[in-house]
Amino acid sequence: MAETLLELAGISKTYPGVKALDDVSLRVYRGEVLGLIGENGAGKSTLMRVLGGVIAPSDGVIRIGGKDHAQMTVSGATQAGIAFVHQELNLFENLDVAANVFIGREKRTGGPLKLVDDAEMRARVTPLLERLGADFKPDTLIENLSIAERQMVEIAKALSIDARVIIMDEPTSSLTISETERLLEVIADLTAHGISVIYISHRLGEIMTCADRVVVLRDGRTVGELARDELSHVAMIRLMIGRDLKELYTPPKRSPQPGGCDIVGLVTSAFPDRQINLSVRRGEILGLAGLVGAGRTSLARAAFGIDPLLGGEIRIDNAPVGVASPRDAIRQGIYLVPEDRKKSGLVLELPIRENVTLASLLNYARMWLVNGAAEHKVAKEQARSLSIKAPSIDMEAVTLSGGNQQKVVLGKWLSMQPRVMFFDEPTRGIDVGAKSEIYALMRKLADQGVAIVMISSDMEEVIGVSDRVAVMHEGSVSGVLEREQFSEYNVLRLAIGQAPETVEAAAP
């Protein structure tokens, strides 16, 4: 029988008026990957904060190595061999790798001044990096590392404290396909050496690839556990949301209409020697796929007027439009739902109401004074239409879940008159139930005649939601696939620069 490294028994956490966790129990065995899934707000983060000693449970027991703890402290969790790799990496960019690995635990010289011993720390980090297959050195500055490499530093930090359990929270949300594959190889190596991993992710395909077991939380409760041979998208989704979801693809109500948006010979500052040619028709969802760095976000930023156009033009309904700034784009009905909603899509400290009306504030103003009643009415309508879950539209955006924050961004644009909408990674960090709602909203917009470009690195999403898929490679469109050609194989061939004529139709 496998050795139990960690057990949470009957964990509850109550805040005034809210029960965040209700009698949650789970076990972690030596050398396994335990998938922990659930919608946003299901209690995953609260449970991990209890385990990490950040908050104290209201009830229950944490059992590590057979020893019971009513609650943990942060230092106690570290001493017990529990380490975290957070979605928002906790590193200092101006320090090198070794300094970050030993931050707060610096090795010092034996002299009277007890200076930090950089040489000793780098010597200790070297074998950790070699074990992870990292191709950077202990003296490399963090600011010079990619997101995937920084993640390796966090894992090296965990290994440096002899971690027995490593908790990974959405570890692949910013990684490319190849970087994700490399991370999964590292996880397999960790478990082979007896280290356990709690893997938290909304990407169910990854869970199926790496998890030995899956525990599902819903509304602060444990609602089920699935063994390896029981894992399927349907089984996981049913437990997460308490119902079955329809398949991702919803056909349009009618064929795409004439007009839409044509991007002709567009040149961006990211790829000044390449041209982009792309057409999206009114009433369709065009998926825009490609590897990270292929130029998809640069295209969206240029079309929205954030970055300059170095050449080419944008046509809407066959008429050229000038877009030199976001204000120009908004006047033309071109809107962008950005990749990073927290930094670029919302003012987190403002309430839902002010975020919804921010881009069209002059519509609610007379003599430079905002008509609060009119603003309130529009924001209330958007909150109701989009099913934004909040007690009041005066709630600050920072208090909302990722899915509801994304709906607020959508509400900002839907309160106006969109003609073309770019969605850049629209469901990143959003749970499966909220994803389904976002997909339904995109289809509703398309059925109303809006031309939609959906940029996504999630292959399941690209194939499951799009009417057509355009693929970018190194700054230009390498090919466009019709639905009968859809397959991961065909998308990836175009993403690595295979000529369109060599792409075979997907098998029926």
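Worth saying up front: this structure is predicted, and the values here are computed from it rather than measured.
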Practice task
With K13 as the cation and Y15 as the aromatic partner, state whether NZ or CZ is under 6.0 Å from the six-membered ring centre and within 45° of the axis.
Solution key: yes
Problem - Minimum heavy-atom distance between I388 and K407, given as atom pair plus value - result: CG1-CB, 3.7 Å
Completion exercise
Note: D23 and G10 closest approach over all heavy atoms is OD1-CA, 3.0 Å
Problem - N/O donor-acceptor pair under 3.5 Å between T140 side chain and F136 backbone - result: no
Problem - Min side-chain heavy-atom separation R182-M152 under 4.5 Å - result: yes
Exercise for the section: Return yes if some donor-acceptor pair links the side-chain N/O of S196 with the main-chain N/O of Y29 below 3.5 Å, else return no. Expected result: yes
Handout entry: Side chain proximity check, L115 to R108, heavy atoms < 4.5 angstrom
Key = no
Practice task
State the OG1-CD distance between T172 and Q151, to the nearest 0.5 angstrom.
Solution key: 8.0 Å
Handout entry: Non-hydrogen side-chain atoms of V97 and V125 separated by less than 4.5 Å
Key = yes
Handout entry: V408 vs K412 side-chain heavy atoms within contact, under 4.5 Å
Key = no
Problem - Gap between atom CG of L299 and atom CD1 of I276 - 0.5 Å precision - result: 4.5 Å
Practice task
Check step by step if side-chain hydrogen bond (donor to acceptor under 3.5 Å, both in side chains) holds for T297 and D424.
Solution key: CA-CA 7 Å; T297 294; D424 194 355; 2.9 Å; yes
Exercise for the section: Check the pair D68, R63 against salt bridge (charged side-chain N to carboxylate O under 4.0 Å, His left out), reporting the backbone distance first and the verdict last. Expected result: CA-CA 4 Å; D68 288 359; R63 189 170 294 123; 2.6 Å; yes
Fill in the blank from the handout: Taken to the nearest 0.5 Å, the spacing of L26 CG from I198 CD1 works out to 6.5 Å
Problem - Considering all heavy atoms, the nearest E225-E230 contact - result: O-OE1, 4.0 Å
Problem - Heavy-atom side-chain contact between K342 and L346 under 4.5 Å - result: no
Practice task
Could you pull out the closest heavy-atom pair between R164 and L5, with the gap in Å?
Solution key: NH2-CD2, 3.3 Å
Practice task
Would you give the length of the straight line joining atom CG of L278 to atom CG of L288, rounded to the nearest 0.5 angstrom?
Solution key: 6.5 Å
Practice task
Give the minimum heavy-atom separation between M121 and A99, together with the two atoms involved.
Solution key: CE-CA, 4.4 Å
Exercise for the section: Say whether E461 and S456, considering side chains only, have a donor N or O and an acceptor N or O under 3.5 Å apart. Expected result: yes
Exercise for the section: Inspect the contact between R203 and E170 and indicate whether a charged nitrogen and a carboxylate oxygen are less than 4.0 angstrom apart. Expected result: no
Exercise for the section: Please report the shortest heavy-atom distance between L348 and E396, naming the atom on each side. Expected result: O-CB, 3.9 Å
Handout entry: Distance, nearest 0.5 Å, that separates CG of L34 from CD1 of I207
Key = 9.0 Å
Handout entry: Test: R124 and E120 ion pair at under 4.0 Å
Key = yes
Problem - CZ/R131: more than 12 non-hydrogen atoms of other groups inside 6.0 Å - result: yes
Problem - Pair S476-Q275, side-chain donor/acceptor within less than 3.5 Å - result: no
Exercise for the section: Using distance alone, with no hydrogens and no angle criterion, decide if S160 and R105 have a side-chain donor and acceptor under 3.5 Å apart. Expected result: yes
Exercise for the section: May I ask you to say whether D96 pairs ionically with R122, meaning some side-chain N is under 4.0 Å from a carboxylate O? Expected result: yes
Exercise for the section: Answer yes or no: is there a donor N or O on one side and an acceptor on the other, between the side chain of N355 and the main chain of P351, under 3.5 Å? Expected result: yes
Handout entry: Rounded distance [0.5 Å steps], CD1 in I11 versus CG in D22
Key = 12.0 Å
Practice task
Not counting sequence neighbours, which residues clear ring-ring contact (aromatic ring centres under 6.0 Å, His included) with F304? List them please.
Solution key: W413
Practice task
State, yes or no, whether a side-chain contact exists between R296 and E425 at a heavy-atom distance under 4.5 Å.
Solution key: yes
Fill in the blank from the handout: Which of D169, V215, V214, I167 passes side chain to side chain contact (heavy atoms under 4.5 Å, CB included) with L36? Answer is V215
Exercise for the section: Indicate yes or no: at least one non-hydrogen side-chain atom of V477 is less than 4.5 angstrom from one of N277. Expected result: no
Handout entry: Electrostatic pair R228:D212 at N-O distance under 4.0 angstrom
Key = no
Handout entry: Steps toward side-chain hydrogen bond (donor to acceptor under 3.5 Å, both in side chains) verdict (S344, E339)
Key = CA-CA 8 Å; S344 305; E339 179 179 13; over 6 Å; no
Practice task
Please tell me if the side chains of R27 and L8 come closer than 4.5 Å, counting only heavy atoms from C-beta onward.
Solution key: no
